[in-house]
Each structure stands twice: as C-alpha cells, then as structure tokens.
Amino acid sequence: MASLQYLPLRAANLHTNANTTDKSSTSQLFLNHQKRNRFFSKNLSCRAAKESDGSQEDARSKSRSFQNVEGGKFDRRDILLGLGGLYGTTAVSQAAFAAPVDATKCGNADTLPTCTNIKDANCCPPPNPNITDYVLPVNQPLRVRPAAQLADNKYIEKYNKAMKIMRSLPKDHPHSFAQQAAIHCAYCDSAYEMVGFPNVKMDVHFSWLFFPFHRWYLHFYEKILGKLIGDPTFAIPYWNWDSPDGMPIPAMFADHNSPLFDKLRDDNHQPPLKIDLNYSKSTPSPVGDELIQANYKVMYNQMVSSSKTPELFFGGAYRGGEAQVKAAGAIENQPHTQLHIWTGDPEQKYGEDMGRFFSAGRDPLFYSHHANVDRMWNIWKTLPGKNRKDIDDPDWLDSAFLFYDENEKLVRVKVRDCVDTKKMGYVYQDVPLPWLGSRPPPKAKGKGKGRGNKAGVANAAEAPQVFPNASEVLPQVLNGLIKVSIPRPKKSRSQEEKEDAEEILVIDGIEYDGNEYVKFDVFLNDEDEVESGPNNAEFAGSYSNVPSISNNRVKVSMSLGITELLEDVGADDDDNVVVALVPRTGKGKVTIGGAKIIISS
Ligand code: C2O
C-alpha cells in the first residue's frame with residue numbers, strides 16, 4: 001500500500017508509458033485524474049461564501065493569477081506536452097512523471113479560490129516575476145519559541161506591537177496579515193497547481209507535505225514579524241496544548257484589546273476552560289483531572305504508540321502528478337483537527353475562523369497552534385525507537401513551496417531545507433512532556449475485554465461473543481456501532497520483530513461529504529466502547545475532519561500503529577482483533593470501506 005510504505009511509482013510507470021501505447025495499465029490513474037480535474041474545475045473548497053472579518057478585504061486583481069515560474073533543469077511541461085500529444089491525454093504523462101511536488105505556481109484564472117470573498121480577488125501572493133531559490137541564512141541569531149502561557153509581559157508587548165504593524169499594512173503588501181492568512185487558503189486546495197502537471201491542484205493536508213509546508217509557513221511569518229519590529233530574535237509563541245497550564249487558549253490571545261485577539265472563536269471555549277484533545281461537537285468532554293488524563297492519553301497514543309514509523313507520523317506519500325491518496329499522519333489527524341474544531345466559532349456558517357481551512361490563517365492563534373504541531377515533529381524524532389526518522393525519499397525532500405520572505409523576495413523553498421529547525425534558526429523552549437508516561441499498565445495476556453477469539457477467553461463459563469469478519473460486513477454506512485473481527489497477519493511477534501516492523505490497523509475508504517464535520521472513535525477489544533474514551537486502554541484513536549466549503553465526497557484512509565496497544569489490552573497472542581467504530585458526530589454520514597491489519601515493511 002503506497003501510502004504506508006512510500007513505494008516509488010516513478011520508474012515503473014515511466015517505462016510502461018514510454019514503450020507502449022496500451023493505456024490499460026494506466027486506465028485507473030487516468031480515471032482518477034479525470035475525476036480529480038472535474039473536482040477542481042467545479043469546486044473551490046476555499047471559497048468563502050461570507051466575509052467573516054471586515055479586515056480581510058482584498059483588492060488584488062486577476063492579473064496576479066499568473067505567477068511566472070522558471071523551469072528547473074529541464075522543462076517538464078514540454079515533455080508532458082509531447083507525451084500528451086502522443087497519447088491524447090496528459091493524464092497518462094502525469095502518472096509517468098511522478099516526482100516531487102512543485103507547488104510554486106499559484107493561480108489559474110478559472111479555478112482560483114476567493115479566500116477573501118471579494119469578487120475577483122484571490123488568495124495567490126502578489127505577483128512577482130522573480131522567484132529565487134531560498135538559501136537559509138547562516139549565522140543568524142537563534143530564535144527561541146516560548147510556550148505561550150509562560151511568556152512574560154515584555155514578550156507579549158513585543159508580539160502585540162509586531163501584529164499591530166502587520167495588521168496595519170496595505171492588504172496587497174506581502175507582509176500584511178491579510179496576505180499571511182491568504183497563504184493558508186491558497187494551499188488548502190485549488191489555488192496552487194503542480195508545476196509540470198497543469199491539471200493537478202494542491203492540498204497540503206492529508207499527506208506527508210503537512211508538516212514541512214506548515215513549518216515553512218511559520219518560519220516566514222515569524223521572520224516577517226521580527227523584521228517589522230527590527231528584532232531578528234523574535235520568535236512566535238507555541239500553544240502548549242499538551243501540558244495542563246497550556247490547555248486553555250493562551251491569555252495573550254484571549255485579550256479583547258489585543259491585535260492577537262480574533263472574535264470568530266467559540267465563546268464557550270474561552271480560558272480557563274481546557275481543550276479536549278478528543279473533542280467532538282456532539283459528545284460532552286470530560287472535566288477536571290479526567291480531562292487532563294484523557295489528553296495525556298491522546299498525546300501518548302499519537303506521539304508514542306501509534307506513530308512509530310515515518311509513514312504513520314507524517315502521513316501518506318504525495319508525489320508530483322499523482323492524485324492524492326488522502327492519509328493524514330497521526331498528529332495531523334489528532335489532536336491537530338480537534339484544536340481547529342474546538343476553537344472555531346460554531347455560530348458562523350462555516351465555523352470560522354479556525355474551524356475551516358480557508359479561514360484558519362485569519363486567527364493569530366492558528367500560528368501558535370501550528371507552532372506546537374511543529375514542535376511535535378522535533379519531539380517525535382527524539383523518542384525511543386529506531387524508525388523515528390525523517391523521510392529519506394527524494395520525492396519528499398525535493399517538494400517545493402512558494403513564500404515571500406522577510407525581505408519581500410518571492411522564494412521557492414524545499415522540504416529538505418526544513419528538516420532541522422536549528423539550521424532554520426529556531427528552537428522551542430523546553431518544557432516537561434507530562435504525557436510521556438501515560439502508557440496504561442499492561443493487562444495480563446488473555447485478560448483483555450471483548451476478545452476476538454475463543455482461545456484466549458479467561459473465563460470458560462462465559463461464552464465469547466463472536467463478531468463478523470470485517471470483510472463480510474464492510475463497506476457499511478456508520479449508522480451506529482460497527483464491531484468487526486479482523487485477522488492478524490502474525491501474532492506473538494518477538495520484541496525484535498516488533499521494533500523492526502509495526503503492526504498497523506488500516507481503516508480505509510472512509511467517505512463523507514467534505515462540508516460535513518464527522519467524528520468517530522476506534523477501540524480495540526473493548527466491551528463498553530460506546531461509553532468509553534481515551535482514558536481506557538482500549539481506545540486506539542479517532543477520526544475527524546476540518547470541513548471544507550465544498551460538499552465533494554472526500555475519501556481518506558486512517559492508519560494506526562497498534563503493536564503496543566495490543567500488548568496493553570492483553571491481546572498480543574490472539575489470532576483476531578475486535579475493532580469497534582463508534583460514531584460521535586455525523587452518524588449515518590460516513591461510509592467505512594474496509595478495515596485490515598498489516599505489518600509495515
Ligand atoms: Cu493547514 Cu491546521 O491546517
């Protein structure tokens with residue numbers, strides 16, 4: 001499965017297509033591209049139907065739609081045109097040239113999302129014919145990003161001052177807050193096309209581009225703020241939502257008189273209320289210590305137990321010209337999504353600002369939320385386990401994005417230059433990681449609840465419940481609890497085998513309308529899952545989404561590493577695992593395509 005093992009497509013497809021006119025081998029890709037192209041020409045999920053904030057007007061004209069992007073070593077577009085002529089479709093050639101994603105061409109007059117909801121305005125950066133390759137400055141002063149709840153008044157004053165200036169700049173200035181906000185809208189989907197693949201539009205979410213894109217975005221946001229106040233050491237604060245004192249919205253953002261305040265937030269989620277990292281719009285959150293423990297367990301699951309390989313942590317591969325197989329990494333899926341939904345204003349039609357991707361960048365809190373997401377990338381690499389490394393696939397390393405830097409230069413950046421934040425000139429203030437010790441005490445072997453096979457049932461007098469095999473009952477609409485038994489490729493693996501390869505629960509073909517908010521939880525071998533939550537060892541994870549504006553069907557897959565969890569629930573020697581899917585929001589609106597257990601390669 002490509003999204004899990006990062007299988008390269010390039011060479012094989014190149015040969016197939018170059019040596020034969022038989023299109024059958026690429027017919028599926030061709031169909032995918034057709035579908036995708038229809039999707040993008042008709043639907044603009046960044047499109048705002050309603051102006052949420054008067055300050056977001058934008059007078060940029062359509063002439064900006066056409067960024068002049070210089071070609072690389074060879075002009076892939078020419079080659080594509082040639083192949084397109086040969087085969088009568090560029091879809092074939094798109095598959096042939098699977099390559100790094102070059103997302104540096106913003107604008108196609110027909111499909112530009114109007115992120116600011118001003119007619120004829122778009123979310124592309126102000127035009128500039130000169131795009132240069134960004135070179136990281138050497139010997140720059142180190143920027144230390146503080147935990148927001150620990151920042152002192154002097155720091156807060158400084159950030160307020162910088163943000164005040166940023167908000168006061170003309171809307172078409174690349175350093176204005178309106179332009180910074182538009183960056184997210186543009187990259188959320190539709191505005192950027194892949195260079196060399198003119199019909200393939202970009203979404204940086206649900207894939208291995210999620211971490212590096214947001215890292216670069218924050219880097220320039222921070223450098224620009226520093227420039228505006230003449231302080232190259234200025235570093236943005238991070239919303240330390242993984243630590244009890246950091247769980248409420250940080251005070252500096254909640255001050256109504258501060259330029260860091262945004263009125264489009266949920267009034268019921270103001271400080272001192274703490275975030276629920278397993279938040280669902282329609283189920284009550286735990287309170288007090290139970291909430292804190294549940295948050296620790298979510299963090300432990302996402303950072304430690306379910307994300308032991310790069311594939312699980314970073315998300316699915318996404319290469320040039322490919323239709324995206326949507327598969328978010330562990331942190332993107334949870335709690336990143338929950339923080340967006342919890343913060344956004346449910347009174348607004350679309351949950352602005354944080355509750356939707358097109359508007360999320362309009363809330364200054366967004367940048368601090370993502371700073372903590374970004375911090376998780378650094379922390380993940382330091383945790384024990386031999387597979388906790390950055391991806392070494394050149395298609396990832398050479399993927400490129402476009403930004404204005406602090407000197408108003410339009411620059412092309414590459415993923416390979418952002419894997420080490422020290423080289424980028426910043427680090428995070430060190431604070432304790434209280435969730436690191438939140439692994440539940442292991443249950444004795446054969447003592448797990450709701451077990452999937454008779455052999456391990458402790459009490460022979462109790463007849464085991466038998467659940468249908470996943471392949472017999474899926475696909476199925478998630479109208480209520482779905483509980484299935486899934487065979488394991490291998491049981492009772494040695495410690496060494498476990499360290500080498502991860503056992504992974506894959507739930508795929510998760511389908512819903514993109515403008516719906518849905519959430520369901522996943523439990524392994526539980527008996528009372530409907531009442532259960534992260535505080536139970538059997539909680540494996542949760543799927544939820546940040547809805548878009550379009551109602552296009554979205555199809556995603558979710559992968560959870562379960563090697564450790566199976567030990568925790570005492571099921572490591574079982575032949576089957578019982579997986580329960582519990583809808584929390586959007587009952588009846590999600591279809592589950594299938595569920596299987598695999599061992600990573
Ligand atoms: Cu680009 Cu939190 O999303």
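Atom set for the values below is all heavy atoms of this structure, side chains included, hydrogens, waters and symmetry mates excluded. Positions are given from 1 along the sequence. We count ligands from 1, going down the list as the structure has it; atoms in each ligand are counted the same way. None of these values were measured; they are calculated from a predicted model.
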Fill in: Residues Asp390 and Lys381 bridged, charged N to O under 4.0 Å
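Judged by the 4.0 Å cut-off on N to carboxylate O distance, Asp390 and Lys381 do form a salt bridge.
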Practice prompt. Using a strict 4.0 Å threshold on nitrogen-to-oxygen distance, state whether Asp203 and Lys326 make a salt bridge.
Written response: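 Yes, this pair counts.
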Worksheet item: Between atom 1 (Cu) of ligand 1 and His205, is there an N, O or S atom separated by less than 2.8 Å?
Response: yes
Practice prompt. Return yes when at least one N/O/S atom of His184 is nearer than 2.8 Å to atom 1 (Cu) of ligand 1, and no when none is.
Written response: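 An N, O or S atom of His184 is closer than 2.8 Å to atom 1 (Cu) of ligand 1, so yes.
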Worksheet item: Hey, does the side chain of Asp395 reach the backbone of Arg319 with a donor-acceptor pair shorter than 3.5 angstrom?
Response: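 Not a single qualifying donor-acceptor pair exists.
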Worksheet item: Short check: any N/O/S atom of His340 below 2.8 Å from atom 2 (Cu) of ligand 1?
Response: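 Short answer: yes, at least one N, O or S atom is under the cut-off.
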Item to complete: Mind reading off the angle at atom 2 (Cu) of ligand 1 between the NE2 atom of His336 and the NE2 atom of His370, rounded to 10°?
Response: 100°
Worksheet item: Quick one: CD1 on Ile341 to CG on Asn545, what's the gap to the nearest 0.5 Å?
Response: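 Reported value, rounded in 0.5 Å steps: 6.5 Å.
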